[in-house]
Amino acid sequence: MPCFSAHEHVLATKLVAFYPTNYDKGIPTHMATLMVFDPENGSLKAIMDGEVITNLRTAAASAVATKYLANPKSQVLAIIGAGHQARSHHQALSTLFNFTEVNIYSRTLESAEKLSQEIGSTAKACSSVEEAVKRADIIVTVTFSKVPVLFAKWVKPGAHVNAVGACRPDWQEIDPDLMRGSVLYVDSREGAMKESGDVILSKAEVYAEVGEVVNGTKQAFCEKTTVFKSLGMAVEDAVSANLVLDKLRTT
Ligand SMILES: NC(=O)C1=CN([C@@H]2O[C@H](COP(=O)(O)OP(=O)(O)OC[C@H]3O[C@@H](n4cnc5c(N)ncnc54)[C@H](O)[C@@H]3O)[C@@H](O)[C@H]2O)C=CC1
Ligand SMILES: O=C([O-])C1=[NH+]CCC1
């Protein structure tokens, strides 16, 4: 994933491979390395691990979307999936909202319970997606499922969904009815139309990129049911890598 940004003064690329079956072997499913270059002359400045950056920047992008698109009084969070992104999303979203309830569903009750114990007394492992999401103001889907796991009939009107998994054109995590029945935001229209099965297969209409909401050219319909379909963008890695280098320089 290559990126040059004159504005951010960064030239970087991330090599990322994902192996969903690694999860059951207890090794990371995403293998990522970042290379950062001097944008003035192309010389290599740093090679760094991309796993932590991928976890944190993805959750940070969802947090920005959620800040604009969720009801500001949101109290109930549901997380579907209990891996790295589940943890980083809980961490990032908790900087914006004081959740009174965090409901977690995963394929095994054991992994949902493990995450629930890490989070503490507000969290609960649920035995179905429906149980986890029915009271939720904010929902995060962070699984490796190839078929829909979150259905419109379970989602409270006005809820906000961060749909983070299903990053291939033939994979889906979200029921097409929910995709079509919500106001749909994406990180990149171009990316969504090429890579997101949730968008392509449902034929849902993309209303806006989150960046257009942030810069005020498109509306944030936080009183309606909203979906943020995230696929990940190279600029998120490049800017994060620059932050790491800045921190290194000042410590
Ligand atoms: N939009 C973006 O920028 C990014 C998206 N992702 C995506 O987020 C999702 C989660 O990533 P991580 O938390 O890093 O992975 P992880 O491997 O740490 O956790 C994956 C979770 O999905 C569950 N899972 C695996 N197969 C499943 C299936 N068939 N049905 C339902 N659940 C299943 C596992 O039990 C686990 O809870 C993946 O789809 C990944 O590709 C990851 C990085 C960036
Ligand atoms: O942006 C990213 O690094 C990824 N998106 C989906 C899997 C990895």
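The model shown is predicted, which means the values in this text are computed figures rather than measured ones. Numbering of ligands and ligand atoms starts at 1, following listing order. Side-chain atoms are counted along with the backbone in the values below, which use heavy atoms only and exclude waters and symmetry mates. Numbers for residues simply follow the sequence, beginning at 1.
- R135 CZ: 12 or fewer foreign heavy atoms inside a 6.0 Å radius.
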Could you pull out the N/O contacts under 3.5 angstrom between ligand 1 and the surrounding protein atoms?
residue: ligand 1; atom: 1 (N); partner: V164; partner atom: O; Å: 3.3
residue: ligand 1; atom: 1 (N); partner: S230; partner atom: O; Å: 3.2
residue: ligand 1; atom: 1 (N); partner: S230; partner atom: OG; Å: 2.8
residue: ligand 1; atom: 3 (O); partner: R57; partner atom: NH1; Å: 3.0
residue: ligand 1; atom: 3 (O); partner: L231; partner atom: O; Å: 3.4
residue: ligand 1; atom: 3 (O); partner: G232; partner atom: N; Å: 3.2
residue: ligand 1; atom: 13 (O); partner: H84; partner atom: N; Å: 3.2
residue: ligand 1; atom: 13 (O); partner: Q85; partner atom: N; Å: 2.8
residue: ligand 1; atom: 14 (O); partner: H30; partner atom: ND1; Å: 3.4
residue: ligand 1; atom: 15 (O); partner: T29; partner atom: OG1; Å: 3.4
residue: ligand 1; atom: 17 (O); partner: T29; partner atom: OG1; Å: 2.8
residue: ligand 1; atom: 18 (O); partner: H84; partner atom: N; Å: 2.9
residue: ligand 1; atom: 18 (O); partner: H84; partner atom: ND1; Å: 2.8
residue: ligand 1; atom: 22 (O); partner: F144; partner atom: N; Å: 3.4
residue: ligand 1; atom: 24 (N); partner: R107; partner atom: NE; Å: 3.4
residue: ligand 1; atom: 26 (N); partner: R107; partner atom: NH1; Å: 3.4
residue: ligand 1; atom: 35 (O); partner: R107; partner atom: NE; Å: 3.2
residue: ligand 1; atom: 35 (O); partner: R107; partner atom: NH2; Å: 3.1
residue: ligand 1; atom: 37 (O); partner: A82; partner atom: N; Å: 2.8
residue: ligand 1; atom: 37 (O); partner: S106; partner atom: OG; Å: 3.4
residue: ligand 1; atom: 39 (O); partner: T143; partner atom: O; Å: 2.7
residue: ligand 1; atom: 41 (O); partner: H30; partner atom: NE2; Å: 3.2

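- A donor-acceptor pair is defined here as one N or O able to donate and one able to accept, closer than 3.5 Å; no such pair exists between the side chain of S182 and the backbone of V227.
- The line from CG of L77 to CD1 of I119 is 7.5 Å long, rounded to the nearest 0.5 Å.
- E236 and S240 are not linked by any side-chain donor-acceptor pair at a separation below 3.5 angstrom, with hydrogens and angles left out of the test.
- Residues H30 and T54 bring no donor and acceptor atom of their side chains to less than 3.5 Å of each other.
- Aromatic ring centres of Y185 and Y68: separated by at least 6.0 Å.
- Contact atoms of ligand 2 toward K14: 2 (C), 3 (O) (distance under 4.0 Å to a heavy atom of the residue).
- Close approach of ligand 2 to C167 (heavy-atom distance below 4.0 Å) involves ligand atoms 6 (C), 7 (C).
- Side-chain contact check for N162 and S230: no donor-acceptor pair (N or O, by modelled atom type) lies under 3.5 Å.
- Within a 6.0 Å sphere centred on CD of E205, heavy atoms belonging to other residues, nucleotides or ligands number 12 at most.
- In this structure, the side chain of R87 engages the main chain of A82 through a donor-acceptor pair within 3.5 Å.
- Looking at L231 against ligand 2, only its backbone comes within 4.0 Å, counting heavy atoms.
- Distances below 4.0 Å separate heavy atoms of M1 from the following atoms of ligand 2: 1 (O), 2 (C), 3 (O).
- Closest to atom 8 (C) of ligand 2, if we only count protein heavy atoms, is H30 CD2, 3.8 Å.
- The atoms of ligand 2 that sit less than 4.0 Å from any heavy atom of G232 are 1 (O).
- Near R57, meaning under 4.0 Å from one of its heavy atoms, ligand 2 places the atoms 1 (O), 2 (C), 3 (O).
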